[in-house]
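Notes follow the structure.
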Amino acid sequence: MKLSLSQARHLLESGGIVAVPTETVYGLAASIECPQAIEAIFSCKGRPAQNPLIIHVASPDQLVPYVLSFPEKLDLLLSIFWPGPLTVVLPIDVTAVPERVRSGRPTAAFRMPQHPLALQLLNQVGPLVMPSANLSGRPSATSADHVESDFGIDFPVLDGGPSVCGVESTILYADGDKWHVVRQGALAPEVFEPILGYVPGIVTVKKDEAPLCPGQLFRHYAPEGRLLLSNTPEQYSGVVIGFSENRYPLAEKVLCLGSVSNPEQVAANLYAVLRQIDQEGILEAAVDMNFSRSGLWQTIAERLHRAASSH
Ligand code: TXA
Ligand code: MG
């Protein structure tokens, strides 16, 4: 059910939840002040309690009541990448952030999104917690229709058009003075080099170690249909997920991600194509993995590996 901005605002202020457009993916929003709305987010998504939520703010000033200490270069990072697809994990005053939001951790994740409707809502209602607006484990939603397909046509959605980035924000965490990427996302690690003086390393989750980003532990981005990651998709005779320049002479059907020279376009189409697999009842599809691994392509490859490994 599509809402106007003022309807979305009233629903949030009265303790409801609303799907909200952002430039990365749609978020499922609750006011940080409303414990019952935060509860509703976890139950609606089927989200594990150990997976904390990102607090979305309208400006860097809104961090002040929550954050205990500001790591080196944070100001510079925020002045360049906010509003935008950067999330930062910061040490917090645990009395200021509900336990449920931070899953009992002494840190919280913060992001200032760029989508004008998200920013207007944040300015009117104050900080909102927003996980991606999809059922836990499934591909994220990059349109209002995707949200309705997961939560039903009566679910309240603020329609802001398709999400332009199409993959989630990049999450940075400072260990002392050194920044690390704890979730790959719409900003490639290389873009931080001019500010930090180094390319932040990507932290992978190790077995038996407490994860820096708990979400990395859970099943993610997966359609019901099985994905086969392939270096020889031209030999595959079923459904192929591929690129506009490439030829798949044996394929029964091709779902196109976009151009093999345009990672932004491919990221923007990624979840819509993964969702198409299930909409069309496709049981198995081969994915053409013959693409670069630099910049944003790394994030695209990571999402495809996760989507394929969940069966
Ligand atoms: O682009 C995005 O970030 C989207 C839009 C809606 O803003 N949101 C999003 O939220 O992707 P979600 O809930 O799907 O993913 C949030 C990730 C999870 O992997 C979670 O574990 C991590 O952020 N996270 C949240 N709080 C954290 C913390 N204190 N420390 C480490 N990771 C944290
Ligand atoms: Mg998510």
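Remember, it's 1-based here, ligands and their atoms both numbered in the order they're listed.
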In P113, P83, P127, S169, the residue satisfying side chain to side chain contact (heavy atoms under 4.5 Å, CB included) with H56 is P113
Which residue supplies the protein heavy atom nearest to [atom], what is that atom called, and how far is it?
{"atom": "atom 7 (O) of ligand 1", "value": "H56 NE2, 2.6 Å"}
{"atom": "atom 3 (O) of ligand 1", "value": "S169 OG, 2.5 Å"}
{"atom": "atom 27 (C) of ligand 1", "value": "P52 CG, 3.5 Å"}
{"atom": "atom 11 (O) of ligand 1", "value": "R183 NH1, 3.0 Å"}

Would V89 count as a contact of ligand 1 if the rule is a heavy atom under 4.0 Å away?
yes
Answer with yes or no whether the hydrophobic clustering places L296 together with V181; edges join I, L, V, M, F, W, Y residues whose side-chain heavy atoms lie under 4.5 Å apart.
no
Ligand 1 versus [X], non-hydrogen atoms closer than 4.0 Å: side chain, backbone, both, neither?
{"X": "I171", "answer": "side chain"}
{"X": "R102", "answer": "neither"}
{"X": "T107", "answer": "both"}

Residue and atom names of protein N/O/S atoms that fall under 2.8 Å from the Mg ion (ligand 2):
S132 OG
Parallel, tilted or perpendicular: which fits the ring planes of F110 and Y66, with parallel below 30° and perpendicular above 60°?
tilted
Purely on distance, is any nitrogen or oxygen of [X] under 3.5 Å from one on ligand 1?
{"X": "G215", "answer": "yes"}
{"X": "R111", "answer": "yes"}
{"X": "T22", "answer": "no"}
{"X": "Y26", "answer": "no"}

I'd like to know if the side chain of D278 reaches the main chain of E224, judged simply by a donor and an acceptor atom lying under 3.5 Å from each other, with no hydrogens or angles considered.
yes
Is there a donor-acceptor contact under 3.5 Å from the side chain of R293 to the main chain of F291?
yes
Is the distance between the ring centroids of Y236 and Y248 less than 6.0 Å?
no
Hydrogens and angles aside, do E168 and S140 bring a side-chain donor and acceptor to less than 3.5 Å of each other?
yes
